[in-house]
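Have a look at the structure below before the remarks.
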Amino acid sequence: MADARPFHWEFKPEQVGREILRIEGGRRLEGSVSISGAKNAALKLMAAATLTGERCRFTNVPEIEDVRVLTEVLRDIGVTVDHPAPNVYEVASGDVDWLFVPLEAAAKMRASFILLGPLLTRFGRVIISNPGGDRIGRRPVNLHVDAMRALGAEIEYRNGYYFAKAPGRLRGGHVNFPQITVMGTENAMLAAVLADGHTVIEPAAQEPEVDDLIEFLQKMGAQVERTAPNRIEIEGRRRVRGAEHSVVPDRIEAGTFIAAAGVTHGRITLKGAPCNHLGAFLDVMSEMGVSLSCGADTIEVDATSADIKPLRGLDIETQPYPGLATDLQPPTCVLLTQAAGISHVHESVFEDRLEWLGELRRMGAKVEIPDHHHAIIDGPSKLHGAEVEIGDLRAGASLILAALAADGVTTIGGAHHVHRGYEKIDAKFLELGARIERLAEGI
Ligand code: UD1
């Protein structure tokens, strides 16, 4: 580690311009759309590549802002990240010379905290900022820190930074999470790959992106296995090698487009879509009256019957996988505003992930939010164009859906947030027949 480097060096990723989207609603979506690689897998795979000095190659990486931010963070600590073609990234972490992940990076993207496990286990120390990320609840990282400590790490928290050390090598151990955490599971798993001995992680998150990471780690030569639905076991190795991997398709992007077809009474085909990862969400869509048909890697969505017979409202509750994804709660809520009856929404994973419904109300939705975890939606209500503002990724995409369904013109401020996690979302909607334009340049 180059200790001579000044502590307050400046992290300067390309600035993201503020963006406003103007959408003229009321048009049925029709046609086909290709689903990109999953954000929540790509970021962890790129972080996993730092476990080895050998080159790793990733295909089907989504061209999104979060990937660009992680690329900058990795380059700043001395990792080579090449981008030889669209959606292809190569990561080579031979000479990591500065084991410091700064506040400027972490504030832009909470997922930068995933670097804690791999850097600590490979290099024996790292200084990493307490992350910010989406404004959806407190989103602490205590479970990640506790997991590292269970593997023998010494971690101190000072001035917004975690100073983590592994005296000698991390050692295998039992990581028992008091609740399910996706990135906590992944961080623990990445740390355990190069630890000395056997690690058991329980309860381990079951999200498909976690399994995508396991598959990649196995290609690297790591001994990692899911030995029960909610248990992952790792036998630590001294080193792992470079490997190649294609990122799993983004089930959240797929779900967003399915809900978009629903709200516009459209008929679309999703290509490269992971039907088998969307079970709980597809059940909700079917119960509401959206017709779905799964092919080998396509999903056909037909909501045209809603012209004649309105969709049906229902009660939903978000849960860790295989339950209904919290990331699909916002698009589902938009669809519920278009469904007949009273729907109760229980957001059980995050607090404050229902706040965005206030903006939906400004577009004519009848929504009550009795507390941080519950909402009541009374539908169907005719949505109308409005000027709305978005503050986080998934809610942002959902306001686009609401605008597509609304009468008249909606302008959505803060739309650049959506590019954090959705590749070319406006272009994809344009292809499906939406009237959508960028009023200010973003990325
Ligand atoms: C990941 C996803 C995010 C998704 C979420 C839940 C990435 C980059 N992001 O986020 O899109 O919405 O899973 O499916 O993969 N918690 C703590 N302490 C911790 C960690 C988490 O209290 O140290 C709490 C959180 O506040 C939340 C719950 O645990 O209430 C679950 O969060 P978690 O599964 O960790 O979400 P992320 O991995 O951050």
Side-chain angles (χ1 to χ4, degrees), residues 37-48 61-62 64-67 69-70 73 105-106 108-117 128 130-150 155 157 162 175-191 201 203-213 230 247-248 250-253 255-256 277-278 280-281 317-332 346-354 356 372-373 392-398 417-418 420-422:
K39 164 179 97 70
N40 288 351
L43 299 173
K44 324 313 172 43
L45 294 164
M46 289 173 77
V61 178
I64 53 174
E65 178 62 12
D66 273 10
V67 165
V69 170
L70 183 62
V73 175
K108 275 191 170 22
M109 189 182 68
R110 179 185 152 80
S112 58
F113 208 69
I114 196 65
L115 290 170
L116 171 65
I128 188 163
N130 192 8
D134 276 334
R135 296 197 302 259
I136 44 171
R138 294 171 297 117
R139 306 202 77 174
V141 287
N142 57 311
L143 301 177
H144 300 236
V145 171
D146 290 349
M148 297 304 137
R149 288 190 174 130
I155 303 184
Y157 185 64
Y162 290 95
V175 177
N176 294 312
F177 287 117
Q179 68 187 86
I180 293 188
T181 160
V182 175
M183 273 217 295
T185 299
E186 294 166 330
N187 235 337
M189 188 163 77
L190 292 171
I201 302 172
Q206 299 179 49
E207 270 65 7
E209 295 77 22
V210 179
D211 284 311
D212 202 42
L213 183 58
N230 66 352
V247 180
V248 69
D250 196 321
R251 65 196 163 100
I252 306 300
E253 187 197 18
T256 305
H277 295 162
L278 278 160
F281 176 75
E317 178 177 355
T318 61
Q319 287 287 342
Y321 194 86
L324 178 66
T326 171
D327 288 345
L328 287 174
Q329 171 263 110
T332 307
H346 181 187
E347 168 54 62
S348 78
V349 179
F350 289 110
E351 23 180 86
D352 304 350
R353 216 178 209 191
L354 294 171
W356 76 280
H372 289 314
H373 289 284
D392 91 63
L393 169 63
R394 305 297 171 191
S398 302
H417 287 290
V418 178
R420 280 195 38 223
Y422 288 88

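First listed ligand is number 1; within each ligand, the first listed atom is number 1. Positions are given from 1, in the same order as the sequence printed here.
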Practice item. Mind checking whether Arg353 contacts ligand 1 via backbone (N, CA, C, O), side chain (CB onward), both or neither, at a 4.0 Å heavy-atom cut-off? Key: side chain

**Study point:** Spatial distance of atom OH (Tyr162) from atom CD1 (Ile155) [nearest 0.5 Å]
**Key:** 8.5 Å

**Study point:** Carboxylate-amine/guanidinium contact Glu209 Arg251, below 4.0 Å
**Key:** yes

Point to revise | Parallel, tilted or perpendicular: rings of His144 and Phe113 (30°, 60°) | key: perpendicular

Exercise for review: Ignoring angles and geometry beyond distance, decide whether Leu143 reaches within less than 3.5 Å of ligand 1 through its nitrogen or oxygen atoms.
Suggested key: yes

Check your understanding: Any N or O on Arg110 sitting closer than 3.5 Å to an N or O of ligand 1?
Key -> yes

Check your understanding: Is Arg394 close to ligand 1, meaning an N/O of one under 3.5 Å from an N/O of the other?
Key -> no

Review point. Non-hydrogen atoms of Pro140 versus ligand 1: any pair closer than 4.0 Å?
Key: yes

Review point. Any idea which atoms of ligand 1 are less than 4.0 Å away from a heavy-atom of Met183?
Key: 38 (O), 39 (O)

Point to revise | Any N or O of Lys39 closer than 3.5 Å to N or O of ligand 1 | key: no

Practice item. Determine whether any heavy atom of Lys44 lies closer than 4.0 Å to an atom of ligand 1. Key: yes

Review point. Are Gln319 and ligand 1 in contact, using a heavy-atom cut-off of under 4.0 Å?
Key: no

Practice item. Using a 4.0 Å heavy-atom threshold (strictly under), name the region of Asp327 that reaches ligand 1: side chain, backbone, both or neither. Key: side chain

Review point. Does Ile180 have a non-hydrogen atom less than 4.0 Å from ligand 1?
Key: yes

Point to revise | Glu207 CD to Leu213 CG distance, which is reported to the nearest 0.5 Å | key: 12.5 Å

Point to revise | Element-labelled atoms of ligand 1 that are located less than 4.0 Å from some non-hydrogen atom of His144 | key: 23 (O)

**Study point:** Val182, any N or O under 3.5 Å of ligand 1 N or O
**Key:** yes

Exercise for review: For ligand 1, note which part of Glu209 has a heavy atom under 4.0 Å away: side chain, backbone, both or neither.
Suggested key: neither

Practice item. Go through Arg353 and Asp327 one step at a time and tell me if the salt bridge (charged side-chain N to carboxylate O under 4.0 Å, His left out) criterion holds. Key: CA-CA 9 Å; Arg353 216 178 209 191; Asp327 288 345; 2.7 Å; yes

Point to revise | Separation of Leu328 CG from Thr318 OG1 (nearest 0.5 Å) | key: 10.5 Å

Check your understanding: If you measure from each heavy atom of Val141 to ligand 1, is any distance below 4.0 Å?
Key -> yes

Revision key, fill the gap. When rounded to the nearest 0.5 Å, the distance separating CZ of Arg394 from OH of Tyr422 is 4.5 Å

Check your understanding: Numbering the atoms of ligand 1 from 1, which are under 4.0 Å from a heavy atom of Thr326?
Key -> 6 (C), 12 (O), 14 (O)

Point to revise | N or O contact, Leu43 vs ligand 1, cut-off under 3.5 Å | key: no

Check your understanding: How many angstroms lie between atom CG of Leu143 and atom CE of Met148, to the nearest 0.5 angstrom?
Key -> 11.0 Å

